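Have a look at the structure below before the remarks.
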Amino acid sequence: MTYEIICAGFGGQGVMLIGELLAYGGMLEGKNVTWFPSYGPEMRGGTANCSVVISDQPVGSPIVSEPDGLIAMNGPSFEKFKGTVKPGGAIVYNSSMIETAPVIPGLKMLPVPTNDIASELGNNKVANMVALGAFIGLTKIITLASAEKALEQVLPERHHKLIPLNVAALEKGMALVK
Amino acid sequence: MQKVFGYPRSLTPKRTHYCPGCTHGIIHRLIAEAIDDLGIQEQTVGIAPVGCAVLAYEYFDVDFQEAAHGRAPAVATGIKRVHPEAIVFSYQGDGDLASIGTAEIIHAAARGENITVIFINNTVYGMTGGQMAPTTLPGQKTTTSPYGRDITKVGYPIRVCEMLATLDGPAYIERVSVHDPKHIIKAGRAIRKAFEMQIAGKGFSLVEVLSTCPTNWGLTPVKALERLKEEMIPYYPLGVFRSTEEVAKE
Amino acid sequence: MPTKRITIITGAFGSGKTEVAVNYTQLLKRAGHNVGLVDLDIVNPYFRSRELTDFLKAHGIEVVSTQPGLEMADLPALSPRIFAFLQNEELRVVFDVGGYPVGAKTLGRFEPYFRAEAYDLWLVVNPYRPGYDDPEEISKLAQAIEAASRLRLTGIVDNANLGRETDRQSREEGSKVVEEAARMLNLPVVLKTYTAEELITPADRDRAANNLFPLQLFMRPPWEEVTGELREI
Amino acid sequence: MERVMMKGNEALAEGAIRAGCRFFFGYPITPQNEIPEYMARRMPEVNGVFIQAESEVSAINMVYGAGGAGGRALTSSSSPGISLKQEGISYLAGAQVPCVIVNVARGGPGLGGLTPSQSDYFQATKGGGHGDYHLIVYAPGTGQEMVDLIGLAFDKAEEYRNPVMILTDAIMGQMMEPVILPPIREVTTEKPWATTGKKGRAKPNLINSLGIIGEDLARINIELQEKYRKIETNEIRYEADGTGDADLIVVAYGTTSRVARSAINMLRAEGKKVGLLRPITLWPFPKQILADLAAQGKRFLVVEMSVGQLVEDVILAVNDRAKVDFFGKLNGTVPTVREVYNTINALLQKGGA
């Protein structure tokens, strides 16, 4: 089984980080994984994205062009990638910033008001974690425990005091999935 | 009876290829004497340039590396960083050091790299047949300045000691000459001083030696020494341009 | 032809100096002299007489140029043995000097020897080389060489040729240019080279002062290397 | 041993340190900056040397000095910077100084772009500078190979006294993958030729590429060529995946081998017989395996991010015994899995060799 994900949004929304957490989480579960950042002029164009591949087999291309799952944190990235998701795939999108999203037949689509939930938690910066929690809940691609463990490895030591807040955000997001 | 004069241990017995009357031989000897006096033959690594002294490694009985044109200070940096206890010196001509290798010499000096550079300035490219050097004097005829160096077209010679002395990195910079015995003795002292600075870990040291090229100047060796004295020294004044410590009076 | 102990062969780059110098040592050798050839060409590391060192040595002509072993090195390392040549009164010395403008300058360092002793300084001219097809230009070259070497020219060598393309007509047309230049400089044409009998005109043969100089070509590219013996001429 | 996620560039840097490299000389250029930045942080922790040189030219000459003095020295750069280093690389080859050079390639010619490219293949495998010489060239295909091959590179550089290049690109350099890092090794290689100061030796040591006297240059070149033949005999590495029963074999290295692998996996899931031949050493080139596969009637597709450089070596290796097709992407763009999938499918449908 190979699962390919694109995480996309504005620079500063922490999309690279949630991609890393997915990759690390997959690695901690013994899977083969790759994480690849968007590269080139796009990096300076207001949107940032990364590709993550989680697989039981050796990973081929680290660059994902037809993902199984998409996390879109803003309008431009939703527009850019929504048409690339494979049939049967999943989209988690940030409904705090994407007010109207078309329903795409054959896809599981979950709107998540990530900024609103993050604000409720007292820190707008964890909006990305809310989205990731929802994505994990929707796709079950890694466990919540793996994502939490990955946080310890990905966040630099000096930010470890923020782990409980991040975990709370992950759990809030996950709770949105019935 | 005490032996007061002999063949330096740090030179090989090999005859040099230099033209008769060329001052490279004198300078080689001064370096070898300094190495002998300081007892550093077993720990010295030299770097030969591209230029007339390209075969310098044949004449010194110490470890050597042959560098690409102008790159000797970078090569010296690599060696010194691997063996900080080694005494590393480069031997470079004016084309090598002051033209193609300007970046390397300036940055080695700026880093205060703990190496010694012996810079031979004879105002001409000797090896390739007498072309204009960065140190060629205004009006001087060479094969690529056949009407005399025209400063309005090709600019001015570079005074390397003065230029490098503006940097904070170097520990010791002196210009010497080898046109007569008195100055040869002085040049020997400067070279020794430069090595002493390196041994003491003070940082970058450079001795510029004003030198002759009878062949490409088209002068007899004696006339060439006269030219050095009368034309070069006024443009390239002798002296210590930078020293981070008082030079001991001898 | 009365000639001096020291003969300095000079000329523009590519004028055929080396061929003339090497052939001239042959001529002297056959006349019974001890001969030494000094290669002062620090200009061009290719096609220099030092490449013929072993070949000439086998024919009794000593060549001195750079330090032994450095013949193909691009190092202008003149051998001190040049002085030994100059000091040996028994030896006819032929200098093969590098092309103008640099080559002649190298002579400067031997100036005292040339002053002390009479010498010949010959200018080899091939008017088919670019820039030298005009007597005026050849005169300018002669003056420049005199200035650079601080010596006086004593003769002109007419080496007009188009290489393998030379025929009797081109040989004669070239000679006219050289002779005109020689007149302007008030110098004799001491040698007139030819590489094949058919290039010589009857007028040449009849001329009272026979200056005809047969040239055997040595400085060939590697794909045309000298393999045979010296030809008897 | 624990797996950690590392960017390719970081994996190269840490892999070098684990392999005993203690001397790094470099100059900033995108997209390899993670390497000098990592080294600037890491070298002081292991008592190593990091110098940001004044130019790529100086950096490679520092490597020459350090390598010639017996140190395990590394430099890294990207395409335009590697061009500048070619002078020094030729000298390193001529003087037989061991060292490792990393090229995280980007698009060219000239200033080119920052996007990934494989257009430095010729430069890397055919010498690159003046003279008859070769580098050993490794092309890692995974993060783990970044670590493993740079360690091997130092060992082979010293075994053969030859510079070794790691040729990779911006994608491999930026991609994060789990790697297992080996423990730090102590390097104990004897280097009796190194310039350390004579230290009681009877004769001084000399690091030199000058062959100006007599027949020296011919002798040096004969010696080098003998060494290269030995390397060709002993050091060829490649990965052959499913080539045995394949009708069509994709030849690709580094990034494009990863893209090709994904496409091949899709085609195999449909029952198609497609294999992958991935050269790990670009020089020495795995000629024989290609010749053997050609003799078995296979056809080949070369996938590159260039106008076609590797493909020339493949054509030479199969020597008219097999059909060789080429799929290349220019402008610094990366072939997509779908494009490679479609290309292979089209070739399979055309059939015949």
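Here the structure is a predicted model, which is why all the values come from computation and not from measurement. Lettering follows sequence order; numbering is per chain, from 1.
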Which heavy atom in [X] sits nearest to a heavy atom in [Y], and how many Å separate them?
{"X": "Ala68(B)", "Y": "Asn61(D)", "result": "CB-OD1, 4.2 Å"}
{"X": "Ala74(B)", "Y": "Ser58(D)", "result": "CB-O, 3.6 Å"}
{"X": "Val82(B)", "Y": "Gly71(D)", "result": "CG1-N, 3.9 Å"}

Next item on the list: Would you confirm whether Tyr64(D), through its side chain, and Gln65(B), through its main-chain N or O, come within 3.5 Å as a donor-acceptor pair?
Entry: no
Item checked: Within 6.0 angstrom of Asp37(B) CG, more than 12 heavy atoms from elsewhere -> yes
Margin query: Within a 6.0 Å radius of atom CZ on Arg185(D), are there more than 12 heavy atoms belonging to other residues, nucleotides or ligands?
Written below: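 Correct, the count exceeds 12.
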Note to self: Go through it in stages, so that I can follow the logic: the residues are Phe64(B) and Asn208(D), the test is side chain to side chain contact (heavy atoms under 4.5 Å, CB included), and I'd like the CA-CA distance, side-chain angles, deciding distance and then a yes or no.
What the structure shows: CA-CA 8 Å; Phe64(B) 246 83; Asn208(D) 187 20; over 6 Å; no
Notebook entry, point to check: Residue by residue, which of residues 189-205 of chain D have a heavy atom closer than 4.5 Å to a heavy atom belonging to chain B?
Noted result: Ala194(D), Thr195(D), Thr196(D), Gly197(D), Lys198(D), Lys199(D), Gly200(D), Arg201(D), Pro204(D), Asn205(D)
Check: Do any of residues 44-54 of chain D have a heavy atom less than 4.5 Å from a heavy atom of chain B, and if so, which, in residue order?
Finding: Val49(D), Ile51(D), Glu54(D)
Note to self: If I measure from the heavy atoms of chain D, does Glu104(B) come under 4.5 Å with its side chain, its backbone, both, or neither?
What the structure shows: both
Notebook entry, point to check: Which region of Ala48(B), side chain (C-beta onward) or backbone (N, CA, C, O), has a non-hydrogen atom less than 4.5 Å from a non-hydrogen atom of chain D, or is it both or neither?
Noted result: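 For Ala48(B), no heavy atom lies under 4.5 Å from chain D.
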Check: Who among Ser55(D), Gly88(D), Ala95(D), Gly68(D) has the most heavy-atom pairs with chain B under 4.5 Å?
Finding: Gly68(D)
